[in-house]
Amino acid sequence: MPYQPKKPVSNCESCEFYDYDEYTDEYCCMAKLDEDDMLRFLSGSTASCPYYRFYDEYKSVHKQI
């Protein structure tokens, strides 16, 4: 069996692009999604989101140290 790299598992709540929208009064994905990615997001199959980036709130603090 050939080696197949694991796809990154994403959790929208820990993503850098998942943010609160005051206009709609809910959390949503703020990434610029194309039509296929938006369909995947709305269907709930975000396990392999190509835009997922872990949100590290202490990233700027690490740079200061």
Side-chain angles (χ1 to χ4, degrees):
M1 178 181 265
Y3 172 74
Q4 294 181 359
K6 292 182 179 179
K7 292 183 179 179
V9 176
S10 63
N11 179 3
C12 290
E13 293 174 0
S14 66
C15 182
E16 183 176 318
F17 296 112
Y18 193 68
D19 202 8
Y20 183 73
D21 184 7
E22 292 179 6
Y23 184 72
T24 60
D25 195 32
E26 60 186 15
Y27 283 89
C28 60
C29 182
M30 298 294 189
K32 302 295 182 197
L33 302 175
D34 65 9
E35 200 171 304
D36 295 330
D37 292 331
M38 181 59 83
L39 180 63
R40 220 175 299 136
F41 178 75
L42 294 174
S43 69
S45 92
T46 57
S48 61
C49 178
Y51 300 102
Y52 176 80
R53 277 195 255 165
F54 179 71
Y55 176 66
D56 184 11
E57 61 185 293
Y58 297 109
K59 186 185 263 184
S60 62
V61 174
H62 292 295
K63 290 181 182 179
Q64 294 174 359
I65 297 177

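Bear in mind the structure is a predicted one, so any value in this text is a computation, not a measurement. The chain is numbered in sequence order, starting from 1.
M38 and Y51 end up in the same hydrophobic cluster when Ile, Leu, Val, Met, Phe, Trp and Tyr side chains are linked at under 4.5 Å.
Atoms CZ and SG, from F17 and C12 in turn, are 12.0 Å apart once rounded to the nearest 0.5 Å. Put simply, OH on Y27 and CG on D19 are 7.5 Å apart, with the number rounded to the nearest 0.5 Å. Rounding to the nearest 0.5 Å gives a distance of 11.5 Å between OH of Y55 and SG of C15.
Residues E13 and Y18 come closest through the heavy atom pair CA-CD2, 3.7 Å. Here the closest non-hydrogen pair linking D34 and D37 is OD1-N, 2.8 Å.
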